[in-house]
2 protein chains.
Amino acid sequence: MANKITIYDIADALNISPATVSRSLNDHPSISSKTKERVVVHAKKVGYRINKFAANLSHQKSNTIGVIVPKLNSYFMSTVLSGIEKIANDHGYNLIISQSFESENKEKLNAKTLFESGVDALMVSLAFETITYDHFEAYREQSIPLLFFDRVQQFKNCPTIVIDNLQAGFDATEHLIQQGCNNILHVCGNLKRNVYLDRFEGYKKALRKYGLKYERPNLLETNLDLNDGKVFLEHLKISKKKFDGIFVSNDTMAVACMRSLLKRGVKIPEEIKIVGFNNDPISEIISPNLSTIDYPGFKMGKLAGQSIISHLKGNINIQSAETILLNHQLIIRESSLKK
Amino acid sequence: MANKITIYDIADALNISPATVSRSLNDHPSISSKTKERVVVHAKKVGYRINKFAANLSHQKSNTIGVIVPKLNSYFMSTVLSGIEKIANDHGYNLIISQSFESENKEKLNAKTLFESGVDALMVSLAFETITYDHFEAYREQSIPLLFFDRVQQFKNCPTIVIDNLQAGFDATEHLIQQGCNNILHVCGNLKRNVYLDRFEGYKKALRKYGLKYERPNLLETNLDLNDGKVFLEHLKISKKKFDGIFVSNDTMAVACMRSLLKRGVKIPEEIKIVGFNNDPISEIISPNLSTIDYPGFKMGKLAGQSIISHLKGNINIQSAETILLNHQLIIRESSLKK
DNA sequence: TATTTATTCGCAATCGGTTGCATGGATACT
DNA sequence: AGTATCCATGCAACCGATTGCGAATAAATA
């Protein structure tokens, strides 16, 4: 049968008050260890399980952290989530994960739902589309910890976990230049998002440093999707420039480009050198191996988790570190090497 | 300021009872549309947000579905989760996702936590290790819908979403045989799990059909991890058999095997043919392209979600379909083709 | 023994919605 | 006009745990 045991049942059975039962179960100091023992033993015997609804209602917290990501089925994102989940779980928090599918609207809906669900904190990686941020106001009003990771937006008192995308973009581009490229195409994602904008800036900075000029046809903005290969080919066709290097803002798209090129008989790296971003497993598998930027997803997730948790526990010492910058690493493989 | 508006505040402001406010907000039929209008408008004006804790406590449901998976950062699993999340979200349910990291203990803990969190349903893909199932008893006692997907265990009244792993294993193996292999190694995962056991059975069935004999050295049980390549090579060494075909129970491991072999100068498919499982993106990227079994993750997730939702909504018609069998598809690529 | 000081524990309010039942008033019917 | 019917709303209990404050008992001190 359904065993709906409440603290009242236990109280009756033991001839004590529900208050005492509650305190015993929570190991409150003002209860004698004798009574505690009795309560705990009896509770276990009858299979008592706390009713979180009631507990939550009382102290107005849910031990739950909300997460909104663009989509969870990417290598990078699922790795980050894995890291977040691990930390959250280790600290007794549950994770409610929702996807925005790159839509600002969905993101707003998710933010609202999670707010109403009473999450104790919210972690967000922004959608491509998002340009207004009022859906986070409710959180800030109630001072519910809010954190952005990867695709971020700066707010005061709101930690941010990122890598130095500008520097990474610079590193990738500089590497291509050093390998002899002087007409480099940059394939980026939505420039409204910091990650892509910063990488683009890094790209331009590298060009400037080496006295190369940047022109509009050197930039291709896409969804970075595996089947954006056609868009890429199309771009090659209309911009009549002859590129000798490509810096792509993620590996998935880099692979799409490589495949398009290889299919056309273009030799990589001899004719065109390529660098991707993310260090997805495919980057190491594809032939030629793809040079890329390693981007520590699991670590980012763990840090994000730790940051939020310490906010929740009121450790103010983290406050100072509003922005955590993770190290990236340029991984040089065949796809970009001068032969 | 923190705007903690309750229905009582609204009731006071409008000189009506909280009951009426509650009913208005829930569009209860016995409230005049005039009052409803007043309430809704005023609620929006003052920024009222329902307190789910209280609501949950009242009707004893959370609009939340729990999910336990071995780990969420695999292509297949994150795809399934994406499907589940989509359906759940479309129907107003939140998803609490947790990982067992292949540990039975962690799985039990997660099950307990989710139970106490008051999830309305639980969806599970089992850990490698799991051999006892008492952690699901609490759910069954309270008749909280429970569903298994992919890595499943049969319980009565408990839906199950799988592909026909036996048939898939058979298909893969038969294909290898038809390509001329007659000494086929099977690299599998933990045989306690249905998916791997069934694929193994399918493998043996195919051997039987073609009069090939199965011997112990033809089987290698691993964690199917990308860096299990050494284990694989080790096995090749000790079992002195000369394999001409390999059926691997997932693509990640298949890729690990291929790389080990290619590094040793073994020609694929000329000397050894390989078939994997999952149709991960890497299978199409690696050279030679990996033949594999396509396994519809997103669809599985959506079906799992739909099944649970209809249970929750009390549509009994699904009851009949306790086991949903998804179609798989053998995808033949270079790695297994007779030249 | 009387009084102070801890210890343990219970009372009762509280968290914020939900809902069965009762009530008062409006409308309909004979 | 008198009675039956309906509609809209309010009353109050309830969901189950938490917690400030006070009381009762036990232990310590004078």
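Protein chains get the first letters and strands the later ones, always in sequence-line order, with residue 1 at the start of each.
- At the heavy-atom level, A:Thr6 lies under 4.0 Å from the strands shown only through sugar-phosphate atoms.
- Judged as a side-chain hydrogen bond (donor to acceptor under 3.5 Å, both in side chains), and not counting sequence neighbours, B:Asn223 has no contacts.
- Distance CG (A:Leu57) to C1' (D:dC14): 12 Å, rounded to an integer number of Å.
- Within 4.0 Å of A:Asn26, counting heavy atoms only, lie sugar-phosphate atoms of the nucleic acid but no base atom.
- Between A:Thr20 and A:Ile31 there is a side-chain heavy-atom pair separated by less than 4.5 Å.
- Regarding A:Leu25, its CG atom lies at a distance of 15 Å from the C1' atom of C:dC9, rounded to whole Å.
- If you take NE2 of A:His59 and P of C:dG16, they are 14 Å apart, rounded to a whole angstrom.
- Between the CG atom of A:Asp9 and the C1' atom of D:dA17 there is a distance of 13 Å, rounded to whole Å.
- With salt bridges taken as basic N to acidic carboxylate O contacts below 4.0 Å, one links B:Arg151 and B:Glu102.
- In summary, A:Lys4 and A:Asp9 do not engage in a salt bridge, as defined by a charged side-chain N under 4.0 Å from a carboxylate O.
- If you take CD of A:Glu116 and C1' of C:dG17, they are 13 Å apart, rounded to a whole angstrom.
- The aromatic rings of A:Tyr139 and A:Phe136 sit tilted, their planes meeting at an angle between 30° and 60°.
- Looking at heavy-atom distances under 4.0 Å, A:Tyr8 makes contact with a base.
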Please tabulate the protein-to-nucleotide N/O contacts below 3.5 Å involving nucleotides 8-11 of chain D, giving atom names and distances.
| from | atom 1 | to | atom 2 | distance (Å) |
| --- | --- | --- | --- | --- |
| D:dT9 | OP1 | B:Thr35 | OG1 | 2.7 |
| D:dT9 | OP2 | B:Ser32 | N | 2.9 |
| D:dT9 | OP2 | B:Ser32 | OG | 3.1 |
| D:dT9 | OP2 | B:Thr35 | OG1 | 2.7 |
| D:dG10 | OP1 | B:Ser17 | N | 3.4 |
| D:dG10 | OP2 | B:Ser17 | N | 2.9 |
| D:dG10 | OP2 | B:Ser17 | OG | 3.1 |
| D:dG10 | OP2 | B:Thr20 | OG1 | 2.2 |
| D:dG10 | O6 | B:Arg23 | NH1 | 3.3 |
| D:dG10 | O6 | B:Arg23 | NH2 | 3.4 |

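- At the heavy-atom level, A:Ile50 lies under 4.0 Å from the strands shown only through sugar-phosphate atoms.
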Would you be so kind as to tabulate the donor-acceptor pairs closer than 3.5 Å made by side chains of residues 63-75 of chain B, with sequence neighbours excluded?
| from | atom 1 | to | atom 2 | distance (Å) |
| --- | --- | --- | --- | --- |
| B:Thr64 | OG1 | B:Ser62 | O | 3.2 |
| B:Ser74 | OG | B:Met77 | N | 3.0 |

